[in-house]
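Scope of the values below: all heavy atoms of this structure, side chains included, with no hydrogens, waters or symmetry mates.
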Amino acid sequence: MASWTAAARGARDSWNRPGAWASVPVLSFGPTPASEYAFQLTADLLIHGWDLARAIDMHGRRAGDTSSVAGVGSDRDLVHRVHEQLASQIDAWRAAGIFARPVPVPDDADEWTRLLALIGRSPDWRPGSGG
């Protein structure tokens, strides 16, 4: 836990540095505006938080639920922002092999469930269930 805390503190301090948000970091695929890089990091933490919660059988968040293990998916504004931005970029991410094809969900599914489905994750996946 101490390593995670130190890494998180260092990352936060880097983002709070004057001029950080105006920078253009060079990532493995080329120069990327800091705002896009921050979005990618945020989406990555949100999505993989769910992956980890499910992988250790902590249930993650179920459709219609407003709570979750460690808050994964419960921040509706964050989920909305990530869903909205990923939806506008999803074809490029799929072409790069980052995300699978969408998974069908009911029309009345909440936004967290629709986000998971958009990126090819089955919201009902459980360890040992296959796929």
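With values rounded to the nearest 0.5 angstrom, L116 atom CG is found 12.5 Å from W125 atom CH2. Atoms CG and CG, from L46 and L41 in turn, are 12.5 Å apart once rounded to the nearest 0.5 Å. Interatomic distance, CZ of F29 versus CD of Q40, reported as 4.0 Å (0.5 Å rounding). To the nearest 0.5 Å, atom CZ of residue R101 and atom CD1 of residue I119 are 15.5 Å apart. Atoms CG and CH2, on D75 and W112 in that order, are 10.5 Å from each other to the nearest 0.5 Å. Interatomic distance, CZ of R76 versus NE2 of H83, reported as 15.0 Å (0.5 Å rounding).
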inquiry  = Go through it in stages, so that I can follow the logic: the residues are I47 and L86, the test is side chain to side chain contact (heavy atoms under 4.5 Å, CB included), and I'd like the CA-CA distance, side-chain angles, deciding distance and then a yes or no.
reply    = CA-CA 11 Å; I47 292 162; L86 271 179; 3.9 Å; yes

request  = Would you sort out whether H48 and D51 count as a side-chain hydrogen bond (donor to acceptor under 3.5 Å, both in side chains), showing the intermediate values?
outcome  = CA-CA 5 Å; H48 292 310; D51 292 339; 2.7 Å; yes

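In this structure, a donor-acceptor pair under 3.5 Å is present between the side chains of E36 and Q85.
Remark: F39 CZ is packed, more than 12 non-hydrogen atoms of other residues, nucleotides or ligands lying under 6.0 Å away. The environment of R9 atom CZ is sparse: at most 12 non-hydrogen atoms of other residues, nucleotides or ligands sit within 6.0 angstrom.
Under the 4.0 Å criterion applied to side-chain N and carboxylate O atoms, D77 and R81 are assigned as salt-bridge partners.
A pairwise comparison of heavy atoms in V105 and R114 identifies CG2-CG, 4.2 Å as the closest pair. The heavy-atom pair separating T113 from A109 by the smallest distance is CG2-CB, 3.9 Å. Heavy atoms only, all atoms of each residue included: S14 and A20 are closest at O-CB, 3.3 Å. The two residues R94 and P102 have their closest heavy-atom pair at NH2-CD, 3.3 Å.
Listed for the R121 side chain is no donor-acceptor partner under 3.5 Å among the backbone atoms of L115.
In this structure A34 satisfies the side chain to side chain contact (heavy atoms under 4.5 Å, CB included) test together with W15, S23, P25, sequence neighbours excluded.
Linking ILVMFWY residues whenever their side-chain heavy atoms come closer than 4.5 Å, directly or via other members, leaves L118 and L45 in distinct clusters. At a threshold of 4.5 Å between side-chain heavy atoms, the hydrophobic network of Ile, Leu, Val, Met, Phe, Trp and Tyr places Y37 and L78 in two separate groups. Placement of I98 and W50 within a single hydrophobic cluster is found when ILVMFWY residues are connected by side-chain heavy-atom separations under 4.5 Å, directly or transitively.
Under the 4.5 angstrom side-chain criterion for Ile, Leu, Val, Met, Phe, Trp and Tyr, V103 has no cluster partners at all.
S122 places none of its side-chain heavy atoms less than 4.5 Å from the side chain of R54.
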